[in-house]
Amino acid sequence: MKKKIVFSTLLLFSLVMMSGVEPRRQGRELPDEVPVAEVDSCALLYSQLGLEGKVSPKAFRTAYHGYYKVTQRHKELLTLIDFTKPSNSERLYVIDMAEGTMLFESVVAHGRNSGSLYATDFSNRSNSHQSSLGFYLTGETYRGSNGYSLRLDGLEKGFNDNARARAIVIHGAKYANPSICRGGQRLGRSFGCPALPEQLNRPIIDAIKGGSVLFIYAEDPNYLSQSQLVGEGNSAHIS
């Protein structure tokens with residue numbers, strides 16, 4: 001009988017840990033900045049998606065925490081662009097957060113004035129031809145000079161809230177095709193848009209359009225220290 005009680009207690013504790021309900025220590029609540037259940041859920045998803053060695057753990061944790069702060073989202077999808085990686089590597093990931101599955105992985109271009117192989121400089125200014133960091137909501141599609149495209153609405157004042165005015169959109173481009181990267185060459189660069197390979201442009205846009213979260217990450221001290229959507233996610237650790 002005692003074995004059954006112990007097993008039931010352990011099972012109940014495991015279910016609580018996986019449920020997203022924050023456990024409590026005796027006599028006091030856990031610190032707000034690192035909720036145990038949330039940290040475990042983030043690490044579990046990171047492992048489940050097979051992202052070790054592919055995506056910066058810090059980038060993923062920051063994206064994970066910020067995603068849940070974007071209450072305006074209409075789809076349970078997160079697109080993460082990890083600018084800690086070079087442009088000739090896959091660094092765009094479309095994740096189904098409800099199912100815990102990866103939908104797409106792709107190379108993606110950055111702005112021509114943001115850097116060469118790596119994106120290191122960012123701006124929210126018109127005509128800067130630089131990429132903008134932070135969280136976005138995807139908007140509506142349209143057909144423009146770059147073909148089938150997706151408008152983006154920046155959610156972070158001073159970092160990307162001029163995205164729509166700057167015509168920072170997702171679109172396909174010949175210069176964003178992986179064949180350009182043969183021999184270790186960098187991908188082509190845009191005027192600030194996250195441009196995609198032409199063959200993946202439509203399927204990715206059709207999946208994420210209409211109110212999903214997109215996050216562009218880089219190790220930029222100014223952004224990481226001032227963003228209102230980063231918070232505790234930036235300091236947490238995936239182990």
Looking at every heavy atom in both Ala176 and Ile180, which two are closest together, and how far apart are they?
N-CD1, 4.3 Å

Quickly, which of Ile81, Thr79, Thr62 forms a side chain to side chain contact (heavy atoms under 4.5 Å, CB included) with Phe215? Name it, please.
Thr62

Roughly how far, to the nearest 0.5 Å, is CZ of Arg125 from OG of Ser132?
10.0 Å

Between the side chain of Tyr175 and the main-chain N/O of Pro197, is any donor-acceptor distance below 3.5 Å?
no

One should read off an interatomic distance between Met97 CE and Glu76 CD, to the nearest 0.5 angstrom, of 8.0 Å

So Tyr68 and Tyr64, would you call those rings parallel, tilted or perpendicular, with 30° and 60° as cut-offs?
perpendicular

In Å, rounded to the nearest 0.5 Å, how long is the span from CG of Leu78 to NZ of Lys75?
13.5 Å

Arg91 charged N/C atom sitting above Phe83 aromatic ring, 6.0 Å / 45°
no

OH-CG distance between Tyr217 and Leu133, expressed to the nearest 0.5 angstrom
10.0 Å

Does one side chain, of Tyr223 or Glu156, offer a donor that lies under 3.5 Å from an acceptor on the other?
yes

Asn124 versus Asp161, side-chain donor and acceptor atoms under 3.5 Å
yes

Look only at the side chain of Ser225 and the backbone of Pro221, and say whether a donor-acceptor pair between them is shorter than 3.5 Å.
yes

Distance-only side-chain donor-acceptor flag, Thr84 / Asp82, under 3.5 Å:
yes

Can you name the nearest heavy-atom pair linking Ala173 to Ala195, along with the distance?
CB-CB, 4.2 Å

Minimal heavy-atom distance between Tyr46 and Glu52, with the atoms involved, is OH-CA, 3.6 Å

More than 12 foreign heavy atoms under 6.0 Å from CD of Gln72: is that the case here?
yes

Say whether Ser106 and Glu90, considering side chains only, have a donor N or O and an acceptor N or O under 3.5 Å apart.
no

Show your working on salt bridge (charged side-chain N to carboxylate O under 4.0 Å, His left out) between Lys85 and Glu105 and close with a plain yes or no.
CA-CA 13 Å; Lys85 301 181 69 176; Glu105 300 180 36; over 6 Å; no

Kindly say whether Ser126 contributes a backbone atom to a donor-acceptor pair with the side chain of Ser128 at under 3.5 angstrom?
no

Regarding Tyr67 and Arg73, is there a side-chain donor-to-acceptor distance under 3.5 Å anywhere?
yes

Looking only at side-chain N and O atoms, does Ser114 offer a donor or acceptor that is under 3.5 Å from a partner on Arg189?
no

If I take atom CZ from residue Arg112 and atom OG from residue Ser190, how far apart are they, to the nearest 0.5 angstrom?
8.5 Å

Of all heavy-atom pairs between Phe135 and Gly66, which one has the smallest distance, and what is that distance?
CZ-CA, 3.4 Å

Within a 6.0 Å radius of atom CD on Gln48, are there more than 12 heavy atoms belonging to other residues, nucleotides or ligands?
yes

Rounded to the nearest 0.5 Å, how far apart are CG of Leu187 and OG of Ser116?
11.0 Å

With no hydrogens and no angle check, do the side chains of Tyr148 and Glu198 hold a donor and an acceptor under 3.5 Å apart?
no

